[in-house]
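Counting starts at 1 for both ligands and their atoms, in listed order. Numbering starts at 1 and runs along the sequence shown. Atoms considered below: every heavy atom in the structure, side chains included; atoms not considered: hydrogens, waters and symmetry mates.
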Amino acid sequence: MNDKKNYGFTTTILHNDRQKGIEHGSLHKPIHTSVAFGYNDARQLASVFQGKEPGFRYGRQGNPTVSALEDKVNQMEQGVGTLCFATGMGAIGAVFQSLLRAGDHVVSSSFLFGNTNSLWQTVAGQGVDVSFVDATEVANVAAALTPATRIVFVETIANPRTQVADLRRIGELCRERGILYIVDNTMTTPYLFRPKSVGAGLVVNALTKSICGHGNALGGSLTDTGAYDWNAYPNIVENYKKAAPAQWGLAQIRAKGLRDFGASLGPEAAHHIAVGAETLALRMERTCANAAALAKLLEADERVAAVHYPGLASHPQHALCGELFRSYGSLLSFELKDGIDCFDFLNRLKLAIPASNLGDTRTLIIPVAHTIFYEMGAERRASMGIAESLIRVSVGIEDTADLLDDFSCALEGC
Ligand SMILES: *Cc1c(COP(=O)(O)O)cnc(C)c1O
């Protein structure tokens with residue numbers, strides 16, 4: 001195959017390992033379980049440790065199976081480099097571990113994955129100041145910036161209320177001010193959207209979700225898109241400034257965020273994620289179509305008080321999503337009218353499973369305030385736009401008619 005050819009999304013993922021050469025002509029990158037890597041020449045071992053030649057050192061810092069997945073995610077995001085972590089939270093945690101110091105300031109969207117919100121609270125207790133803003137308006141982000149602001153952090157489609165950050169304008173603002181812009185692309189995946197296109201410097205993907213896609217492995221990644229000039233970042237230590245500035249960020253994250261922090265992805269999980277990623281585009285086409293059909297059905301039902309789905313014309317950022325994303329995603333949430341018990345409703349569903357994951361092939365459904373957003377309390381939930389009756393649906397690849405029928409029946413009480 002010709003390396004230079006501009007292949008489509010799925011072709012690129014399917015053939016990426018093979019183009020780089022796989023051991024024994026194997027079609028899958030093998031699962032390398034070895035923690036250590038031996039060298040016949042001790043001088044070579046030293047030079048690998050000193051970064052003078054490429055090679056693996058110790059499993060916490062790199063592994064051939066994981067590295068093949070990193071390359072695949074990097075192709076998907078069209079980045080300059082990608083690192084994988086044990087979980088999506090491991091990837092986000094590594095940002096804070098490696099790039100922030102006491103006295104720094106972060107501006108974050110208030111509409112966040114619950115554990116990221118919780119992590120920010122922890123970081124705030126450790127001397128980093130965090131401002132939460134409604135990131136659907138760039139003006140709110142601009143108003144929160146201070147001379148100490150190092151990072152602006154947003155999600156594409158926020159889980160679970162589906163607010164969409166003003167992605168392009170925030171990118172322009174960050175570029176003007178030399179601030180590192182980090183976008184969590186989990187809900188859109190690189191198939192629907194590349195944050196690089198709006199100037200994000202780092203992209204987070206919780207690989208656990210749609211990229212793996214089958215709910216059988218945890219993983220996360222950070223991609224450096226090359227859009228950020230690390231010369232402008234004050235917290236890079238001299239040790240990681242040996243190569244060209246484009247490499248500085250990932251060099252420091254690899255050392256401080258992966259090697260020292262230790263949330264490394266295991267090779268077995270990397271293999272599961274790589275296999276799942278092969279069908280990302282196919283699954284997204286199906287889940288997005290199913291989600292659009294389900295959102296329409298719910299919106300038309302008199303027992304439903306509100307439906308939040310970017311594909312509905314009633315969604316406040318519907319037009320923006322149409323401009324930026326290939327499709328509107330597979331996540332929706334809705335509120336039942338007062339007087340309908342949400343637990344009884346959930347128990348009537350036969351296909352949609354009460355469970356907390358997202359991006360699975362199966363449709364998963366969860367009452368948000370009672371579970372994943374329970375710990376933060378009613379006040380913080382209200383500030384994030386989370387109604388007490390909110391139900392989140394991660395739409396799967398079931399046959400559309402079966403899925404719609406399941407929800408219609410449960411609404412009708414059968
Ligand atoms: C799930 C999720 C994460 C965390 O990923 P894990 O692999 O579960 O740690 C981060 N961001 C978003 C938007 C998520 O949905």
Fill in: Salt bridge present between Arg286 and Asp399 (N-O < 4.0 angstrom)
yes
Practice prompt. With heavy atoms of Asn159 as the reference, note each atom of ligand 1 found under 4.0 Å away.
Written response: 15 (O)
Worksheet, complete the sentence: Closest to atom 7 (O) of ligand 1 among protein heavy atoms sits Thr208 OG1, 2.6 Å
Worksheet entry | Check ion pair Lys296-Glu299 (N to O, under 4.0 angstrom) | no
Worksheet item: Just how far is it from atom OG of Ser264 to atom CG of Leu258, taken to the nearest 0.5 Å?
Response: 4.5 Å
Worksheet item: Does the salt bridge (Lys or Arg N to Asp or Glu O under 4.0 Å) test come out yes or no for Asp166 and Arg169, once each step is laid out?
Response: CA-CA 6 Å; Asp166 197 353; Arg169 290 199 187 86; 3.2 Å; yes
Discussion item. Only heavy atoms of Leu358, strictly under 4.0 Å: list the atoms of ligand 1 that pass.
Written reply: 15 (O)
Worksheet item: In terms of ring plane angle, is the pair Trp120 and Phe153 parallel, tilted or perpendicular, where the classes change at 30° and 60°?
Response: perpendicular
Fill in: From Thr225, Asn185, Thr189, residue fulfilling side-chain hydrogen bond (donor to acceptor under 3.5 Å, both in side chains) relative to Glu77
Asn185
Worksheet entry | Part of Asn115 within contact of ligand 1 (heavy atoms, under 4.0 Å) | neither
Discussion item. For atom 4 (C) of ligand 1, what is the closest protein heavy atom, and at what distance to 0.1 Å?
Written reply: Phe113 CE2, 3.5 Å
Worksheet item: To which protein heavy atom is atom 9 (O) of ligand 1 closest, and what is the distance rounded to 0.1 Å?
Response: Met89 N, 2.9 Å
Item to complete: Go through ligand 1 atom by atom and flag the ones less than 4.0 Å from a non-hydrogen atom of Asp184.
Response: 10 (C), 11 (N), 12 (C), 13 (C)
Practice prompt. Take every heavy atom of Gly219, measure it against each atom of ligand 1, and state whether any distance is under 4.0 Å.
Written response: yes
Response to the item:
The protein heavy atom nearest to atom 6 (P) of ligand 1 is Gly88 N, 3.3 Å
Item to complete: Determine the interplanar angle of the Phe343 and His370 rings, folded into 0 to 90°, and report it as parallel if under 30°, tilted if 30 to 60°, perpendicular if over 60°.
Response: perpendicular
Practice prompt. Would you mind telling me if ligand 1 is within reach of the side chain of Thr87, the backbone, both or neither, using heavy atoms under 4.0 Å?
Written response: both
Discussion item. Assess whether a salt bridge exists between Asp406 and Arg348, defined as any Lys/Arg side-chain N lying under 4.0 Å from an Asp/Glu carboxylate O.
Written reply: no
Worksheet item: Can you list the ligand 1 atoms lying under 4.0 Å from a non-hydrogen atom of Met187?
Response: 15 (O)
Response to the item:
If you scan protein heavy atoms around atom 2 (C) of ligand 1, the nearest is Lys209 NZ, 2.5 Å
